[in-house]
Amino acid sequence: MAAAWMSVLVVMAVVNAAEGGDDRRPCASVHASSSVVTVGSPVTVTCVVDDDCPALAGHQVQLRLGDRVLPGVIPVANGSARAYRLLIPAFNHSRATLTCCLRDAPSHIIAGLEIQAGYPPPALRNLSCQANLSAHESLTCKWEASLPDSHLPTKYTLHTHIGDLKWSHAYELPPGVRSYTIPRAGFVFFSEMEIYVKGVNALGETSSARLALEPVSSAKFDPPKIVKLQAWRPGCLRLKWEFSQFQDWMRDFVSLEVRLKTESSGSWTERPILDRAMPQRYVYQCGLLHGTRYVAQIRVRYQQSPWSEWSGGRPAFTLETAPTGALHTWMRVTGHLLHNQLQMLLFWKPSARFRANGRNLSYVVSALRTLNKRGKLCATAGSHCTFHVPRKARKVYLVALNAAGRSSPTSVPIYRPIAGETIPEVRAAAAGNGSVLVRWEDVPSPALIDYIVEWRPLLNNDLSLVRFETARRNLSTLIVTGPLEPYKPYGISVYPRFKEGIGPPRTVHAYSLQKAPSEVPKIRIKKNWQYHVELSWDEIPLDRRNGIIQSYKLFYWDETRRVHVATGDPQERKVVLTGLNSWSVYDAVLMVSTYGGSRNGSMVHFDIKEMDPVSSVIIVLATCAFLCLLIIFLVKTCSSEHNRLKVRFWPDVPDPANSSIKSWTSESTQDIRSSWDFEEPNPIYLSHLSFLELPRKPGKEEDVTAWLNNAEDTSDLGESICGSPFLPGLASSNGDSVPYATVIFPAPHPHEYLRSESTQPLLGSEESPKCYQNVDASEGSQCFFGPCRPEEEDNAAAAIQWEDFPFLRALAMNDTQ
Ligand SMILES: *[C@@H]1O[C@H](CO)[C@@H](O)[C@H](O)[C@H]1NC(C)=O
Ligand SMILES: *[C@@H]1O[C@H](CO)[C@@H](O)[C@H](O)[C@H]1NC(C)=O
Ligand SMILES: *[C@@H]1O[C@H](CO)[C@@H](O)[C@H](O)[C@H]1NC(C)=O
Ligand SMILES: *[C@@H]1O[C@H](CO)[C@@H](O)[C@H](O)[C@H]1NC(C)=O
Ligand SMILES: *[C@@H]1O[C@H](CO)[C@@H](O)[C@H](O)[C@H]1NC(C)=O
Ligand SMILES: *[C@@H]1O[C@H](CO)[C@@H](O)[C@H](O)[C@H]1NC(C)=O
Ligand SMILES: *[C@@H]1O[C@H](CO)[C@@H](O)[C@H](O)[C@H]1NC(C)=O
Ligand SMILES: *[C@@H]1O[C@H](CO)[C@@H](O)[C@H](O)[C@H]1NC(C)=O
C-alpha cells in the first residue's frame with residue numbers, strides 16, 4: 001500500500017518535471033546497481049538530477065529508503081546533470097522503495113525505485129516417485145525444498161524424459177507445491193524414465209538430482225490374495241496366490257514373502273523370500289509343526305519397489321503325526337484304599353521338546369508299557385488324573401495320543417510318602433509381574449533326588465489349576481511364574497523327593513501382589529476384669545484378605561482425643577486394654593494391615609462405667625456366703641429347738657411322708673443327708689432289717705416269740721422286705737398295730753432296734769421300696785443300702801438316742817442276748 005502510494009507520488013513528480021522541461025525526459029531519475037538483490041548484499045544507488053529543469057535548479061537532494069534518510073550521499077559529475085551516489089552496504093529488506101527528494105522540501109519526491117531482495121531458488125532434494133497401480137493409475141513424485149525460502153517469485157517445473165520414446169515433458173507446478181502426480185498418459189509402466197524438478201527466479205535457478213526409474217518397480221502393489229492354503233506332505237503347507245484385481249495384468253516374476261503364525265505362539269514368523277513367484281502358482285512352506293493350525297499372510301514387490309501391505313490371513317492345518325517328546329510328570333499318593341490299593345494323583349505338562357503333532361490331544365495312564373485296555377488306569381484330555389494302583393506297583397506309564405498315533409510312553413515311578421526329613425523352612429515373596437520367588441532350606445540328605453514345587457490357588461479347588469516345577473537338588477530357590485493372579489492367595493508346597501519316597505511337604509501361602517484387605521472384622525468387646533477391656537475379632541475370610549495379615553492395630557481415644565495404639569496378635573486376634581478411666585467413654589478403630597496396605601474399620605464406643613465385674617462378683621460372693629452362714633445357723637438352732645418342743649407338746653404321730661424307709665427308696669437319700677441330720681439313723685449304716693408286729697396288748701413273752709419267729713427269716717433283708725406279701729399281717733393296713741423294724745449292724749455289734757415312725761405297713765404299699773441287692777457280696781459284708789464303711793464310723797452312727805424309742809428300749813432291756 002505504501003509502495004503504491006509512493007509510486008503515485010513519483011509519477012506526479014516525473015509529470016511535473018516533464019511539463020517544466022523542453023522535451024519529455026524526466027527531470028530526475030533513480031538508478032540502482034540491481035533492482036533485485038540477494039538479501040544482505042551491497043547495493044549502489046544513484047539519483048540523477050537534470051539541472052535543466054528549472055524547478056530543481058539549485059536544490060540539494062537527499063535519498064531515502066522507505067521513511068529513513070540515507071546518509072553518505074556523494075555528488076558526482078555526470079555531464080550536464082548532477083548525480084548523487086550512495087552505497088547501501090547490506091540490503092536487508094525483502095522489498096523497499098528508494099526515493100530521491102529535495103532536501104529543503106522532503107515531502108517533494110522527484111524520483112523513486114523499488115528494490116527487492118531475496119535468494120536464489122532453494123535446493124530441491126529427495127525427489128522420489130511412486131506409481132499407484134490402483135484404480136486410477138498414476139505416478140506421484142515428491143520432493144523437498146531447502147530453507148530459506150527465496151522470497152522472490154519462483155517458477156517450478158517437473159521435467160520428465162522417457163529415453164525409449166525420446167519424449168520429454170515439463171509440467172508447470174503451482175507455487176509452493178512439493179508434490180505432483182503425473183497422469184497415466186505421462187509415463188509407461190515398463191519404460192525407464194528420467195525425472196527432475198527445476199526452480200527459476202530473478203537471482204538464479206536450481207534443479208534437483210535426476211531420478212531414473214521404471215514406474216512399475218516404483219509401485220507399491222495392493223495387498224495380494226491367498227487363494228488356497230492347504231496341508232501338503234507332513235510338516236508342509238502349500239499356498240496359491242494372486243494379485244489384487246487392479247494388478248492382475250502383471251505377469252512378471254515378483255518377490256513374495258510369506259509369514260506364518262501358530263495359534264499358540266501368537267507372533268509371526270517370516271519365511272525366506274521367494275524371488276521368482278508368479279501368481280496362480282503354488283508356493284511351498286515346509287519345516288512346520290505337525291497337526292498344527294497355521295495362519296499365513298503374504299506380500300509382494302517388484303524388483304526394488306516397496307513391499308505391498310500384508311495380505312489377509314488364511315488358516316490351515318498341517319498333517320497330523322503321532323505326538324513326540326517327553327512329558328514332565330509329578331505324582332503323589334493321595335490315599336490308601338481297601339484291598340491294598342493306593343490312590344494316586346498324577347500331574348503332567350509338556351517338556352520344551354514335546355510336540356502334540358495333532359489337534360485333539362488326549363492322555364492315557366496305563367499300568368502296562370504297551371497300551372491296551374487291561375492296563376488302562378485313566379484317560380483324559382486334561383493334564384492330571386486320579387487312579388488306583390496296587391500297593392506293590394512300582395511304575396505307571398503316561399502316553400499322549402492324537403488321531404495319528406501315540407507317543408512313546410513316559411515312565412512314571414511311584415514314590416510313596418515317607419516320614420523322612422522335612423524341609424526346615426519355605427518362604428515365598430512376590431517377585432513382580434505376577435511371579436513369586438520361593439526359597440527353601442536344603443535338606444542335607446544324600447538320598448535326596450530333587451524338590452517338587454507345587455502351587456495352586458487357594459480359593460479354587462480345581463485340580464486343573466495345580467502347577468508344578470521340579471528343582472534340582474542343588475537348588476533352593478525357584479521363581480513361580482503363573483502369572484499368579486494379584487490379591488489372590490496361593491498355596492505353594494515344596495516336597496523333597498528321596499530315593500525311597502517323597503518326604504512330607506512344607507506349604508506356605510503366597511500372594512503375587514497384595515493390597516489392603518477388603519473388609520475389617522467387627523470388634524467384640526468383653527469387659528472382663530477391673531479396668532481392663534478385652535477387644536477381640538474374627539479372622540477375615542480368605543477371599544477378602546487380599547494379602548498376608550501383617551498386623552492388627554487398635555487406635556483408641558477418650559474425650560481428650562489423645563490416640564493410643566494397641567497392637568493385636570495376628571494369631572490370637574485380640575487386645576487387652578489396661579489403664580482405662582472408668583469415667584471416660586472410649587472410641588476405637590481397628591486397622592488391619594497386609595503387606596500391601598491397610599484399612600480402618602468402623603468406630604466402636606465402649607466404657608468401663610457401671611461394670612467393674614470383679615467388684616460385683618466379690619460383693620455377690622460375700623453376700624451369698626453371709627446368707628448361707630445365716631441360714632445354716634438358723635436351721636441348726638430351729639431344728640434342735642423344734643425337737644425339744646415337739647417331744648414336749650405333741651405325741652409321737654408317725655408321719656408316713658417322713659418315713660425313713662420311704663425316703664430310703666430314693667437313691668439320692670445317701671447324698672442329701674447332711675451331717676446335722678441326726679434324728680434319723682443313717683441308713684447307710686444299716687446292714688440288716690426285719691419287721692415284727694406287736695399285738696395291741698403285748699405280753700413280754702409273746703413279744704419275744706413273735707420277734708424270734710420273724711427274726712428267723714432275716715438272713716437276707718431283700719428277701720424279707722420283698723417277701724412282705726407273704727406276711728399278711730404286714731400287708732394289711734392296720735392303725736392298731738405298731739410295726740417295728742429290726743436293724744442289724746455289722747458284727748460284732750449286738751442287734752439293735754429302730755422304730756419306724758410310720759404306722760403304715762410300708763411293705764405292702766404301692767410305693768414300697770425296690771429290692772436292694774447285695775451289691776458288695778464279694779466282700780462278704782452285708783451292706784444293702786450303700787457302700788460299706790469302715791467300722792469306726794459305724795460306732796458313731798450306732799449312737800442311737802434311746803429315749804426316742806421307748807418300746808425299743810423296753811425290748812432292749814429284754815434282749816435275748
Ligand atoms: C550520467 O547520467 C546518465 C543519465 O542521465 C546515465 O545514463 C549515466 O550512466 C550517468 N553517468 C555517470 C558516470 O553517472
Ligand atoms: C537492516 O540493517 C540495519 C542496519 O544494518 C538494521 O538497523 C535493520 O534493523 C535491518 N533490518 C532488517 C529487516 O533486518
Ligand atoms: C532428504 O535427503 C537428505 C540428504 O540429501 C537426507 O539427509 C534426508 O534424510 C532426506 N529426507 C527424507 C525425508 O528422505
Ligand atoms: C493409490 O490411489 C488410490 C486412489 O486412487 C488410493 O486410495 C491409494 O491409497 C493409492 N495407493 C498408494 C500406494 O498410494
Ligand atoms: C477329539 O476327540 C474326542 C474323543 O477322543 C472326540 O469326541 C472329538 O470329536 C475329537 N475332536 C476333534 C476335533 O477331532
Ligand atoms: C514386567 O514385565 C514387563 C514386560 O513384560 C517388563 O518390561 C518389566 O521389566 C517386568 N517387570 C519386572 C519387575 O520384572
Ligand atoms: C546344579 O547342578 C548342575 C549339574 O548337576 C549344575 O549344572 C548347576 O550349575 C548346579 N547349580 C548350582 C546353583 O550349583
Ligand atoms: C486409621 O485410623 C488411624 C487413627 O485415626 C490413622 O492414624 C490411620 O492412618 C488410619 N489408617 C488408614 C489406612 O486410614
Side-chain angles (χ1 to χ4, degrees), residues 128-142 178-184 186-187 189 213 215-224 243-247 250 254 299-302 304-311 437-444 446 448-451 453 469-479 496-497 514-521 523 535 537 540 544-547 549-568 575 577 586-605:
S128 67
C129 298
Q130 192 177 79
N132 186 334
L133 305 182
S134 302
H136 304 287
E137 289 150 348
S138 59
L139 181 64
T140 300
C141 293
K142 286 185 205 158
R178 296 282 182 271
S179 75
Y180 186 75
T181 299
I182 301 167
R184 177 69 188 90
F187 64 95
F189 280 156
L213 61 82
V216 172
S217 67
S218 76
K220 181 175 178 178
F221 285 82
D222 288 344
F243 282 111
S244 88
Q245 52 170 334
F246 300 118
Q247 288 124 44
M250 185 76 187
V254 291
R299 61 178 183 175
V300 291
R301 75 173 184 187
Y302 178 70
Q304 297 313 304
S305 80
W307 283 106
S308 72
E309 296 298 321
W310 288 101
S311 70
L437 175 67
V438 188
R439 210 179 262 285
W440 61 89
E441 267 178 44
D442 305 341
V443 175
L448 183 77
I449 302 172
D450 55 12
Y451 298 98
V453 181
E469 192 75 64
T470 312
R472 271 201 295 265
R473 54 172 295 177
N474 61 358
L475 295 178
S476 61
T477 59
L478 183 83
I479 294 204
R497 188 150 64 176
Q514 303 190 27
K515 66 176 177 184
S518 301
E519 71 173 41
V520 177
I523 298 182
L535 305 177
W537 52 88
I540 305 173
R544 318 262 307 149
R545 234 176 271 172
N546 301 339
I549 302 293
Q550 184 191 16
S551 71
Y552 293 101
K553 277 208 170 74
L554 187 85
F555 299 93
Y556 62 101
W557 57 90
D558 56 11
E559 290 87 349
T560 65
R561 306 206 62 82
R562 244 195 70 211
V563 178
H564 305 264
V565 185
T567 305
V575 290
L577 306 181
Y586 287 88
D587 293 331
V589 163
L590 182 66
M591 181 171 89
V592 189
S593 305
T594 65
Y595 289 88
S598 307
R599 177 183 287 266
N600 276 353
S602 50
M603 212 190 309
V604 293
H605 313 280

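Any value given below was found using the heavy atoms of this structure, including those in side chains, with hydrogens, waters and symmetry copies removed. First listed ligand is number 1; within each ligand, the first listed atom is number 1.
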Inset, instruction - Test Glu519 against every option in Arg544, Arg599, Arg545 by the salt bridge (charged side-chain N to carboxylate O under 4.0 Å, His left out) rule and name the one that passes. - result: Arg544
Legend entry - Between OG on residue Ser134 and CD on residue Gln245, distance to nearest 0.5 Å: 9.5 Å
Legend entry - ligand 4 contacted by Ser134 (non-hydrogen, < 4.0 Å): yes
Pairs under 3.5 Å, N/O atoms on ligand 8 and on the protein: can you put them in a table with the distances?
residue	atom	partner	partner atom	Å
ligand 8	2 (O)	Asn600	ND2	2.3
ligand 8	11 (N)	Asn600	OD1	3.4
ligand 8	11 (N)	Asn600	ND2	3.1
ligand 8	14 (O)	Asn600	ND2	3.4

Inset, instruction - State the OH-CZ distance between Tyr302 and Phe221, to the nearest 0.5 angstrom. - result: 8.0 Å
Inset, instruction - Give, for atom CD of Gln514 and atom CD1 of Ile549, the distance between the pair rounded to the nearest 0.5 Å. - result: 9.0 Å
Inset, instruction - Please report the shortest heavy-atom distance between Arg299 and Trp310, naming the atom on each side. - result: NE-CZ2, 3.4 Å
Inset, instruction - Could you tell me whether Arg439 atom CZ has more than 12 heavy atoms of other residues or ligands within 6.0 Å of it? - result: no
Inset, instruction - Could you tell me whether the side chain of Tyr552 and the main chain of Val575 form a donor-acceptor pair under 3.5 Å? - result: no
Legend entry - Where ligand 7 meets Asn474 - atom numbers and elements under 4.0 angstrom, heavy-atom basis: 1 (C), 2 (O), 3 (C), 8 (C), 10 (C), 11 (N), 12 (C), 14 (O)
